[in-house]
Every structure is written in structure tokens, then in C-alpha cells.
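Data first, discussion second: the structure below is written as C-alpha cells.
The residues of the chain are indexed from 1 along the displayed sequence. Atoms within a ligand are numbered from 1 in the order they appear, just like the ligands themselves.
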Amino acid sequence: METKIINMDLENIEKEKLNEAAQVLRDGGTVAFPTETVYGLGANALDEEAIKKIFKAKGRPSDNPLIVHISRVEELNGLVKKIPSKAKILMEKFWPGPLTIIFEKTDKIPYAITGGLETVAIRMPSHPIANELIHMAQVPVAAPSANISGKPSPTKGEHVIYDLNGKVDVIISGGSCDVGLESTVVDVTEEPMILRPGGITKEQLEKVLGVIKVDKAIETGDTNMVPKAPGMKYTHYSPKADVVIIEGALDDMVDYIKKLKLQKEKEGLSVGIMCTDETKDFYEGVCLSMGSRKDLSTIANHLFDILRKFDEKDIDIIFAESVEKKFLGHAVMNRMIKAAGYHVIQIGG
Ligand code: AMP
Ligand code: MG
């Protein structure tokens with residue numbers, strides 16, 4: 001399949017080009033586009049054949065449901081059975097933006113989207129290209145992250161082109177994503193619960209909803225616990241090299257990683273380090289900084305790009321510094337721990 005690549009400048013969104021992509025969506029095709037979280041791979045959410053193309057292009061398991069994207073609140077009409085009062089509060093505060101809300105679905109939403117569930121996940125992106133594209137398409141757009149399943153989510157047009165060129169109809173390449181991590185998924189159909197940490201933090205949600213639980217199954221590698229968001233059970237974000245996370249006080253982490261590096265190099269392995277701006281001068285060799293500990297949004301923003309960059313280098317094992325599981329650090333650590341296949345070394349005490 002030939003993929004049409006459309007380059008688009010955020011400062012100068014060309015409506016005719018966007019309209020062409022919107023037409024592809026209406027006609028049952030697939031379009032990858034930038035959002036403020038990560039790039040999405042979209043198709044008409046009401047067209048089962050179109051949805052199948054998303055699963056095929058990504059190699060995504062069919063029981064991993066898709067998020068449906070809308071551009072205006074009114075577009076919820078007909079897609080969901082009701083809008084609970086807590087959902088209304090969240091929509092007013094965080095839409096458009098990186099928050100996905102679970103609703104009871106109507107018959108209009110195909111089960112192919114929800115993996116057979118009676119609920120549907122819906123989000124309204126704030127990214128001007130995403131929002132305008134969905135508005136022009138005049139259909140709700142199902143869109144998972146635009147990467148091959150299992151790989152780090154794409155945060156730049158080049159990531160999408162690398163993964164999906166030849167597998168989708170259109171790729172809109174429109175720069176880097178602001179947040180760099182996927183949306184937070186929250187369920188308010190029952191007692192409010194975070195099913196996936198993401199771009200909107202637990203602390204932000206608690207300011208408007210009060211104390212909110214996090215699905216326990218996503219905090220552990222225990223395969224006997226079933227996460228409420230089916231996608232959370234899958235391995236994700238994996239670079240080619242093995243990833244090991246070191247958790248502890250900052251100085252101890254640095255010393256420990258340096259020691260581990262020497263040890264592995266003696267065994268003949270090539271080692272990469274995922275560090276932070278504050279620690280990068282302490283290491284030698286292949287060391288990529290995720291961003292600054294003083295501003296977790298920089299770490300969120302670079303994480304997936306850094307994981308992909310290690311793939312370009314000939315690295316066998318990556319040692320990664322951890323960050324505190326607070327604010328955006330919660331989502332950052334969730335993605336890192338998955339990339340590491342739950343291989344975390346706790347040091348100090
Ligand atoms: P992605 O599209 O790759 O960002 O992943 C979407 C995430 O939302 C996955 O973890 C899905 O399991 C989750 N999700 C989508 N729909 C639902 C739903 N109806 N109930 C619970 N989780 C959902
Ligand atoms: Mg994904």
C-alpha cells in the first residue's frame with residue numbers, strides 16, 4: 001500500500017490538505033495524525049471495516065479497545081447512554097486535553113472498538129491538527145497510538161513514518177507532541193478510578209473529584225490481576241535492548257548504575273544509560289538524558305523518543321534512573337516499568 005505523507009506546520013495548518021485526509025477517514029481509510037499526547041492512527045469509529053484496518057496495521061490484539069476521539073462535546077450525543085455528573089465535571093475542566101473518559105456505549109459504537117465491552121473510551125484532543133481533522137471528518141475517529149504494537153508510542157512524525165509507512169493511507173507529519181505520553185484513562189461509570197496514568201495527573205483529578213483510586217492491577221507485574229483497561233496487560237514500549245530500572249536515592253542510583261555498567265561491560269555487553277539532566281555528567285559512554293528532574297513534563301516529553309533512540313545504537317542493556325511517582329512521574333514510571341518488563345532493582349533502604 002502506498003502511504004501519502006502530508007507535512008504540516010502547526011503555525012500554518014493547510015485546510016485543503018487536512019480536508020483531503022478527512023475525506024480518507026470518511027471513505028473508510030486510515031490516517032495517522034499528531035495529537036497533544038502522542039500520534040494517533042485514526043479511522044471512522046462507526047465503520048467496522050475501517051476499524052479492522054487499524055488493528056491490522058498496528059498488529060494490535062483485538063481485545064485491546066480503542067479510544068474514540070471527538071472534536072466538540074455535542075458529538076457525544078448518540079455515542080454514550082448517559083453523561084454522569086462526575087464526567088461532566090471532568091469534561092468541563094480537562095477537555096479538550098489529555099484525559100480519556102469511559103462511558104456506557106450505545107449500539108452505534110461497534111464492539112470491534114470496545115473489544116466486546118459495554119463501555120467506550122472517549123477523548124477530545126486539544127491539538128489543533130487533530131481537532132480540526134476530526135471536525136472536518138464529521139465522524140467520530142477511533143485512534144490508538146500510531147506505532148506498531150509493543151513499541152514505544154510515537155511522539156514525532158518520523159516515528160510514525162518508521163513504523164507505519166506502507167501500512168496506512170495517510171500520515172500527517174506535524175512536529176513533536178507536547179505531552180509525549182498517552183492520555184489518562186479514567187472510569188466514572190462507578191466509583192472513580194484511574195485505569196491508566198497519563199497526561200492529566202492524579203493530583204489534578206483529585207482537585208476536582210476528591211480522592212480517586214488507581215486500578216491496583218496496573219501497579220504490579222502480577223499476571224493474576226486483570227487490569228480494567230484491557231490494553232494495560234500487554235507488554236509495551238519495548239526497545240530492542242533489555243531495560244533495567246534502578247530505584248533509590250539519587251546519589252545511590254548513580255553509583256549503582258556506574259557499578260553495574262562496569263560489571264556488564266566486563267561480561268562483553270554494551271551498556272546504555274537513561275539518565276536526567278542533573279546526572280548526565282556523572283556517566284561515561286552512551287548516556288541519554290530524559291529531561292530535568294525539576295520539570296517532569298520534560299521527562300514525559302522525551303521518554304519515548306529516548307527509548308527509540310537506543311534502538312539506533314548497538315546497545316544490549318539499558319540501565320534507567322527512576323523518578324519519583326508523583327505528578328507526571330506516575331505516568332512516566334508506569335511506561336518505564338512496562339518498557340523494562342517490570343525489571344526494577346530497589347537499592348538502599
Ligand atoms: P492506546 O489507544 O494505545 O492509547 O490505548 C488505549 C487504552 O485505553 C488501552 O489501555 C485500552 O485498554 C484503554 N481502553 C479503551 N477503551 C476502554 C474501555 N472501554 N474500558 C477500559 N479501558 C479502555
Ligand atoms: Mg498504544
Do me a favour and list the nearest non-hydrogen protein atom to [atom] with residue, atom name and distance?
atom                    : value
atom 17 (C) of ligand 1 : Pro65 CG, 3.5 Å
atom 3 (O) of ligand 1  : Arg60 NH1, 3.1 Å
atom 11 (C) of ligand 1 : Asn64 OD1, 3.4 Å
atom 7 (C) of ligand 1  : Arg196 NH1, 3.7 Å
atom 10 (O) of ligand 1 : Gly231 CA, 3.6 Å
atom 2 (O) of ligand 1  : Pro144 CA, 3.1 Å
atom 18 (C) of ligand 1 : Ile102 CD1, 3.6 Å
atom 21 (C) of ligand 1 : Lys228 O, 3.5 Å

Does Ser145 put an N, O or S atom under 2.8 Å from the Mg ion (ligand 2)?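 So Ser145 does bind the Mg ion (ligand 2) by this criterion.
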Crowding at CD, Glu324 (>12 non-hydrogen neighbours, <6.0 Å):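 Open.
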Polar contacts were defined as any N/O atom of the residue lying under 3.5 Å from an N/O atom of the ligand; does this apply to Glu182 and ligand 1?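 In fact, backbone or side chain, Glu182 has no N or O that close.
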State whether the shortest distance between N or O atoms of Leu117 and N or O atoms of ligand 1 falls below 3.5 angstrom.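 Between Leu117 and ligand 1 (N or O atoms, distance only) the closest approach is not under 3.5 Å.
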Give a yes or no on whether a salt bridge exists between [X] and [Y], defined as a side-chain N under 4.0 angstrom from a carboxylate O.
X      : Y      : value
Lys261 : Glu284 : no
Glu20  : Lys17  : no
Arg123 : Glu36  : yes
Lys233 : Asp63  : yes
Lys325 : Glu247 : yes
Arg308 : Asp163 : yes
Glu206 : Lys202 : yes

Give the ring-plane orientation class for Phe33 versus His69, where under 30° counts as parallel, over 60° as perpendicular and anything between as tilted.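 Ring orientation, 0 to 90° scale: perpendicular.
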Answer with yes or no whether Ile67 contacts ligand 1, where contact means a heavy atom under 4.0 Å from a ligand atom.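 The answer is yes: ligand 1 sits under 4.0 Å from a heavy atom of Ile67.
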Relative to atom 19 (N) of ligand 1, which among Ile122, Thr119, Leu195 owns the nearest non-hydrogen atom?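 Of the listed residues, Thr119 has the closest heavy atom.
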Of all the atoms in ligand 1, which lie at a distance below 4.0 Å from a heavy atom belonging to Pro230?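 So the atoms of ligand 1 that pass are 12 (O), 21 (C), 22 (N).
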